[in-house]
Amino acid sequence: MSSFSLPTINDNPDGGWGPSPSNLPAQFKFRDIPYAPYSKTDKLGRFADWNDISGDNRQNHAGSTQAQGARSGGPGARRRDGQPAFGSGTASAFAYFHAEDESSFSLVDNKTSTQRRGGALSRGRGSGRGGAGGNRGGAQRGGRGGFFGSRGGAQRGGRRGWRDWEKTGRARESSVAISPEWSMLEEIEFHRLAKLRLEVDDPEDLDTYGRVYPYDKSYDRITTKTERPLQLVDRIKYNTTTSDDPVIQELASQETATVYTTDVILSVLMCATRSVYPWDIVIVREGNKLFFDKRDGGPFDTVTVNENAADPPQDPTTANPNNPNEKIAVPETPSINSATSLSLEATYINQNFGFQSVIYTPPPPPVDFSKPNPFYGPEETEPLASCGYRYRVFDLGITEDEDLKICVRTEVDAYSPGQGNPRLGQGLVTVRALNEFDPRAPGAGGAPDWRSKLDSQRGAVVATEMKNNSCKLAKWTVQSVLAGADLMKIGYISRANPRDNTRHVILSTTSVRPTDFAAQLNVSLANGWGIVRTVTDILMKQPEGKYVLVKDPNKPVIRLYAVPLNAFTVEEEDEELASEGEEAEV
């Protein structure tokens with residue numbers, strides 16, 4: 001009777017599929033031959049594909065017709081740029097390379113080719129809505145241009161990378177110079193911040209300071225036909241940082257809270273995931289307390305313009321200090337539509353519109369809060385602007401036993417007459433302004449002409465501003481919610497002449513409730529409080545000292561650095577100037 005014996009079975013000790021490289025049988029001849037992967041959708045009926053442009057580099061030398069065919073919808077048009085076929089590049093061991101040089105081969109044809117009627121360069125019926133040249137139609141029906149400089153992309157809505165050579169892809173510079181002495185402690189991506197949530201209860205009011213004037217309701221009736229010029233009002237309004245606030249210093253000595261900051265700084269942190277431009281927050285830990293500060297002359301003192309636009313305003317190119325041979329043509333007069341010029345212009349507009357839109361002469365009378373303005377000294381001669389400060393405490397604790405509170409100095413700009421007692425937080429108003437510079441200038445973000453569209457199509461104007469200035473509007477809304485304002489007045493201010501950035505006119509004013517506007521902007525206060533709590537937890541794990549939270553200028557990332565205690569101080573700058581003077585004398 002015949003016997004049957006089982007062959008030797010080599011198991012895979014790694015637990016994977018197939019034989020293991022460690023115990024591969026010696027008689028296996030093809031051990032070092034690479035494996036060419038293939039997808040389930042690949043057709044395996046052909047042993048050679050002469051039309052495949054991804055397997056052999058020789059096709060790329062004379063494959064211009066194939067490249068054009070791929071652009072205009074030919075073979076390979078479905079494959080995206082930069083995304084090769086599945087498994088391409090791994091089967092080079094099986095590729096066939098011809099030993100002889102074929103570069104000297106050329107085909108000579110002296111026959112003149114007759115152009116077919118309705119071809120690629122004609123506008124006849126044969127080309128659909130336009131050929132592949134410079135006609136209005138695209139390579140596919142529904143497109144608005146070909147790929148030779150016509151009016152749109154090859155596919156509906158434009159194709160990726162269209163007219164990229166006209167877009168300035170310069171990298172932005174950081175808002176603060178990163179010193180090599182700094183040590184990076186944490187790096188957090190925006191997509192991680194967007195997942196944070198923390199519900200916070202209503203705040204507790206500690207005290208109020210300042211004087212607010214009534215809002216002039218006649219500005220709500222302004223239209224494009226009854227425009228009003230923007231005036232220069234000589235008033236003083238303080239934008240003091242947290243550590244220089246005497247009220248916060250007094251509250252900190254009483255152990256009122258753990259974190260101390262202002263609404264301007266806190267709104268930037270709560271809306272960090274919307275920001276594009278760089279910013280930085282200086283954080284000082286003293287004992288068990290944190291102080292969130294801003295630098296003088298930093299990004300918190302100005303207002304951005306079209307930060308979230310697809311093609312935001314750009315500053316002129318600066319010379320590279322590492323390349324002495326590089327010469328940049330600097331215009332004699334700086335452009336009024338550059339990012340820096342527009343930011344200064346928007347700051348000027350916001351400040352003066354807030355000063356102008358209130359009534360300084362009664363009736364109705366101004367309302368004094370419980371205490372006078374803490375920053376206005378007896379030596380000041382210019383009158384104060386309408387501004388009220390409300391110091392409020394928010395509880396960031398997750399459990400009832402956890403004691404983690406944040407003290408915020410919030411600001412209101414005016415009060416609405418007949419809406420209750422402003423001293424009790426009723427009828428308070430914040431005033432902001434959006435500005436139009438030139439709809440046809442680079443960086444306008446496709447904004448419509450306000451003078452012709454603001455009255456008839458206000459929704460289109462608002463939608464465009466919500467898209468181009470998403471971060472700015474979100475910060476304004478969060479500031480109004482933190483201050484407990486009932487209304488936020490937004491003025492629409494444009495240049496009297498697009499080429500003159502010194503004269504402006506008020507075209508309209510709209511009134512919104514901050515909580516409703518936050519819902520329209522899809523601003524999540526719970527997400528903002530989650531970001532604040534996360535950053536606070538990270539800092540409370542660090543020792544006492546000074547830290548800087550920096551937004552990367554070109555990536556959606558924030559980084560936390562530990563810096564020396566004398567960083568960003570006036571004494572340090574004075575020492576540097578003194579040392580430079582001593583070296584110059586020597």
What residue among Asp413, Asp220, Thr509 forms side chain to side chain donor-acceptor pair (under 3.5 Å) with Tyr215?
Asp220
Sole candidate of Thr241, Asp280, Thr240, Asp301 that passes side chain to side chain donor-acceptor pair (under 3.5 Å) when paired with Lys294
Asp301
Can you classify the ring geometry of Tyr391 versus Tyr209 as parallel (below 30°), tilted (30 to 60°) or perpendicular (above 60°)?
perpendicular
With under 30° as parallel and over 60° as perpendicular, where do the rings of Tyr348 and His504 fit, or are they tilted in between?
tilted
Below 4.0 angstrom, N of the basic side chain to O of the carboxylate: do Glu544 and Arg285 qualify?
no
Carboxylate-amine/guanidinium contact Arg495 Asp500, below 4.0 Å:
no
Please check: side-chain N/O of Ser508 versus main-chain N/O of Thr223, any donor-acceptor pairing under 3.5 Å?
no
Is any NZ, NE, NH1 or NH2 atom of the basic residue among Lys289 and Glu255 found under 4.0 Å from an Asp or Glu carboxylate oxygen of the other?
yes
With no hydrogens and no angle check, just 3.5 Å: does a side-chain donor-acceptor pair link Lys489 and Ser511?
yes
Between Asp537 and Arg533, does a salt bridge (Lys or Arg N to Asp or Glu O under 4.0 Å) hold up when you go through it step by step?
CA-CA 6 Å; Asp537 291 342; Arg533 176 59 195 263; 2.9 Å; yes
Is there a donor in the side chain of Thr302 and an acceptor in the side chain of Thr347, or the other way round, less than 3.5 Å apart?
no
Between Thr242 (side chain only) and Phe292 (backbone N and O only), is there a donor and an acceptor less than 3.5 Å apart?
yes
Please confirm whether Arg211 makes a cation-pi placement over Tyr376, using NZ or CZ under 6.0 Å from the six-membered ring centre and within 45° of the ring normal.
no
